[in-house]
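The structure appears below as C-alpha cells.
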Number of protein chains: 2
Amino acid sequence: MSLRYALLALLTSGPMTGYEISRRFQSSVGHVWHAPDSQIYPELRKMEAEGLVEAETVAEPRGEKRFYHPTDSGLAAFRAWMDSPLRYALDRDPAHLRAAYFEWADPAAARRSLLDHIDRFEDLRVQWQEQIDQIDDGSSPVLARRLEGKDADERRRVSGYKRFAYEGLLARADAEIAWAQRGLGLIDELS
Amino acid sequence: MSLRYALLALLTSGPMTGYEISRRFQSSVGHVWHAPDSQIYPELRKMEAEGLVEAETVAEPRGEKRFYHPTDSGLAAFRAWMDSPLRYALDRDPAHLRAAYFEWADPAAARRSLLDHIDRFEDLRVQWQEQIDQIDDGSSPVLARRLEGKDADERRRVSGYKRFAYEGLLARADAEIAWAQRGLGLIDELS
DNA sequence: CGGACCATGTAAGCGGTTACATGATTCT
DNA sequence: AGAATCATGTAACCGCTTACATGGTCCG
C-alpha cells in the first residue's frame with residue numbers, strides 16, 4: 001500500500017514520463033521501497049484512474065510524451081499519509097531465522113550464509129554511501145530538480161531528511177555486518 | 001516460502017499438537033518469522049499432504065490428540081534449506097521511506113512517527129531481551145525440550161545460536177532507536 | 001547493422017492479511 | 001455462570017513476484 005506514496009514522493013520532484021519514473025524510482029526512493037516495473041506501470045494507471053496523478057501530453061520532436069504529475073488530491077493524499085500512523089511490516093527475517101537454527105546446518109554452509117549476509121550488506125552499504133555522497137555534492141538529478149527554486153532553509157530541510165534516511169540504512173548495514181562477523185567467530189568456537 | 005521451514009524448525013524440538021504449534025510458534029520462532037494461525041493451520045495440512053510432517057494420534061483422558069512431528073523427508077528438506085542460499089526480501093521500509101520526505105509532513109506528525117518508531121523498537125527490545133534471559137536461565141519450554149538428552153557441547157551450540165539470533169535483533173533495535181532519536185534532534189534543528 | 005537504451009506493459013500464481021466463525025473445556 | 005483458554009480453521013482479497021512480451025530509437 002506504500003507503493004503509491006513512494007510514487008507520489010518521487011513525483012513531488014517534478015513531472016516525469018512513465019519511463020523516467022521507473023528509472024528514477026530505482027535510483028532514489030526505490031532504495032527504501034523496492035518495486036519492479038511490472039508493479040509501477042499498473043499502479044500509475046490506477047492512480048491516474050483515482051485522480052491522484054495526471055498526465056500532460058507534450059509534443060516532442062518525434063512523437064509526443066506524457067508527463068505525469070501529482071494532482072492536488074494526490075498531494076493531499078500524500079500529506080495525509082505522511083501525517084498518519086505508520087504501518088510496519090511484521091517481522092520476517094530469513095537470515096535471523098536461519099541463524100537461530102545453525103546447529104542444523106553444515107558449519108561450512110552456516111559460514112556461507114553469514115558471508116553472504118556480509119556481502120549483501122556491504123553492497124548495500126556502498127550504494128547507500130553513494131546516495132549520501134550525491135546528496136552532499138549535489139550530483140543527484142532527482143534531488144537537484146527537487147531543490148530548484150527553493151531557499152537555503154528549505155534546501156537544508158529537504159537534503160537533511162534524505163541524508164538522515166540513508167544514514168539510518170547505513171547504520172543498519174553496519175550492525176548487520178558486525179552481527180554476521182560475530183557469528184563467524186561463534187561458529188568457529190562452537191564447531 | 002520460509003514459513004514451512006520455520007514450522008519445521010519448531011517441530012525439531014519435539015512432537016506437538018496443532019494448537020501447541022500455533023502458541024509456541026508465537027513465542028519462539030515467530031519472533032523472526034511472524035505468521036498468524038490462519039496461515040499456520042493450512043500450511044501444516046499442506047506439509048502433511050507433501051509428507052514433510054506426520055501426525056500421530058494418541059489417546060487422551062478425554063478425546064484424542066494429533067501430535068505432529070517432522071518426517072525423515074521433512075528433516076531432509078529442513079537441512080537442505082539450511083544449506084541453501086538465503087533469499088532476502090527486497091527493501092521495503094515504510095519508516096525510512098517516510099523519513100526521507102519529512103519536509104512534507106507536519107513537524108509534529110514527523111516527531112510522532114519517530115516516537116512511534118522508538119516505542120515499537122523499545123517494545124521489541126524488551127521482548128527480545130526476555131527471550132535472551134529465558135535462554136540464559138533455561139526457562140523457555142521450547143528450548144528446554146530441545147535440549148533434553150543432549151550433551152554439554154550440543155547444548156552450548158543450540159543455545160548459542162538462539163542467543164546469537166536474538167542478539168542481532170537487539171542490536172538492530174538499538175540502532176533503530178538511536179536513529180529515530182537523532183531524527184528528533186534533526187526535526188528541531190530544521191523546523 | 002547490431003546492441004544498448006527507450007518505453008510499456010500482461011498474466012499467472014502465491015504468499016500473506018484481515019475478518020470472520022465455531023464449539024469444547026478448564027478455571028474462578 | 002461466565003471468562004479464559006483450548007482447538008481449528010474458512011473466505012475474500014490484495015500486493016507482490018516471476019516470467020514473458022513487444023517494438024521503437026539512438027549510437028557507434
Side-chain angles (χ1 to χ4, degrees), chain A residues 1-8 10 15-27 29-30 32-50 52-53 55 57-68 81 86-94 97 141, chain B residues 1-8 10 15-27 29-30 32-50 52-53 55 57-68 81 86-94 97 141:
Chain A
M1 248 292 102
S2 294
L3 173 56
R4 60 176 48 193
Y5 303 109
L7 286 168
L8 285 168
L10 176 61
M16 279 172 241
T17 65
Y19 186 67
E20 279 177 307
I21 291 172
S22 105
R23 266 173 323 144
R24 291 188 172 159
F25 191 92
Q26 312 302 330
S27 67
V29 65
V32 283
W33 197 271
H34 165 88
D37 288 358
S38 66
Q39 215 187 339
I40 289 174
Y41 288 110
E43 184 65 22
L44 272 176
R45 298 196 151 248
K46 272 172 65 186
M47 290 166 73
E48 199 177 1
E50 292 174 38
L52 300 173
V53 299
T57 304
V58 173
E60 286 269 314
R62 72 207 73 251
E64 43 181 39
K65 286 190 170 180
R66 283 161 51 77
F67 287 84
Y68 285 96
W81 176 76
L86 268 182
R87 305 209 37 189
Y88 288 89
L90 293 161
D91 291 303
R92 239 168 235 133
D93 186 328
L97 168 58
Chain B
M1 248 294 98
S2 295
L3 174 56
R4 60 177 50 194
Y5 303 109
L7 286 168
L8 285 168
L10 176 60
M16 279 171 243
T17 65
Y19 186 67
E20 279 177 306
I21 291 172
S22 104
R23 268 173 322 145
R24 292 188 171 159
F25 191 91
Q26 312 302 330
S27 67
V29 65
V32 283
W33 197 269
H34 165 87
D37 288 356
S38 66
Q39 215 187 339
I40 290 174
Y41 288 109
E43 184 66 22
L44 272 176
R45 298 198 151 245
K46 272 171 65 185
M47 289 165 74
E48 198 177 2
E50 292 173 38
L52 300 173
V53 300
T57 302
V58 173
E60 286 271 313
R62 72 206 76 249
E64 45 181 36
K65 287 191 170 179
R66 283 161 52 78
F67 288 84
Y68 285 96
W81 176 75
L86 267 182
R87 305 210 36 191
Y88 288 89
L90 293 160
D91 291 302
R92 240 169 235 135
D93 186 328
L97 167 57

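Every chain is numbered from 1, with letters handed out A, B, ... down the list of sequences.
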Could you tell me how far apart [X] ([atom1]) and [N] ([atom2]) are, to the nearest whole angstrom?
| X | N | atom1 | atom2 | result |
| --- | --- | --- | --- | --- |
| B/Glu43 | C/dT17 | CD | P | 13 Å |
| B/Asp91 | D/dC16 | CG | P | 14 Å |
| A/Tyr88 | C/dG16 | OH | C1' | 20 Å |
| A/Ile40 | D/dT17 | CD1 | C1' | 14 Å |
| A/Met16 | C/dC6 | CE | C1' | 16 Å |
| B/Leu44 | D/dT8 | CG | P | 10 Å |
| B/Leu3 | C/dT17 | CG | C1' | 13 Å |

Got a list of protein N/O to nucleotides 10-14 of chain C N/O distances below 3.5 Å?
none

Who passes side-chain contact (heavy atoms from CB on, under 4.5 Å) against [X], sequence neighbours left out?
| X | answer |
| --- | --- |
| A/Thr17 | A/Tyr19, A/Glu20, A/Lys65, A/Phe67 |
| B/Ala89 | none |
| A/Gln26 | A/Asp37, A/Ile40 |
| A/Arg92 | B/Trp33, B/His34, B/Gln39 |

Divergence of helical axes at both termini of the helix from C/dC1-D/dG28 to C/dT28-D/dA1 - five pairs an end, 10° steps: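 About 30° separates the two local helix axes.
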Could you tell me which residues satisfy ring-ring contact (aromatic ring centres under 6.0 Å, His included) with A/Phe25, sequence neighbours excluded, listed by chain and number?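 ring-ring contact (aromatic ring centres under 6.0 Å, His included) list for A/Phe25, sorted by chain: empty.
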Within the 4.0 Å heavy-atom criterion, would you say B/Arg4 contacts the bases, only the backbone, or no part of the nucleic acid?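 Nothing, no nucleic acid heavy atom in range.
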Counting any heavy atom closer than 4.0 Å, what does A/Arg87 reach on the DNA or RNA strands: base, sugar-phosphate only, or nothing?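 Sugar-phosphate: the residue A/Arg87, judged by heavy atoms under 4.0 Å, touches backbone atoms but no base.
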Smallest separation among heavy atoms of [X] and [Y], with atom names:
| X | Y | answer |
| --- | --- | --- |
| A/Leu97 | B/Val29 | CD1-CG2, 3.3 Å |
| B/Gly18 | B/Leu44 | CA-CD1, 4.4 Å |
| B/Pro94 | A/Trp81 | O-CH2, 4.5 Å |
| B/Val53 | B/Leu8 | CG1-CD2, 4.1 Å |

Stretch residues 17-26 of chain B: residues that reach within less than 4.0 Å of DNA chain D through a heavy atom: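 Only B/Gly18, B/Tyr19, B/Arg23 qualify.
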Looking at A/Lys46, I'd like to know whether one of its side-chain N or O atoms comes within less than 4.0 Å of OP1 or OP2 on C/dG9.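 Indeed not, no polar side-chain atom of A/Lys46 lies that close.
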How would you list, by chain and number, every residue that makes a salt bridge (Lys or Arg N to Asp or Glu O under 4.0 Å) with B/Glu50, sequence neighbours excluded?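 For B/Glu50, the residues satisfying salt bridge (Lys or Arg N to Asp or Glu O under 4.0 Å) (neighbours in sequence not counted) are B/Arg4.
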Considering residues at least two apart in sequence or located in another chain, which fulfil the salt bridge (Lys or Arg N to Asp or Glu O under 4.0 Å) criterion with A/Arg66?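 Salt bridge (Lys or Arg N to Asp or Glu O under 4.0 Å) list for A/Arg66, sorted by chain: A/Glu48.
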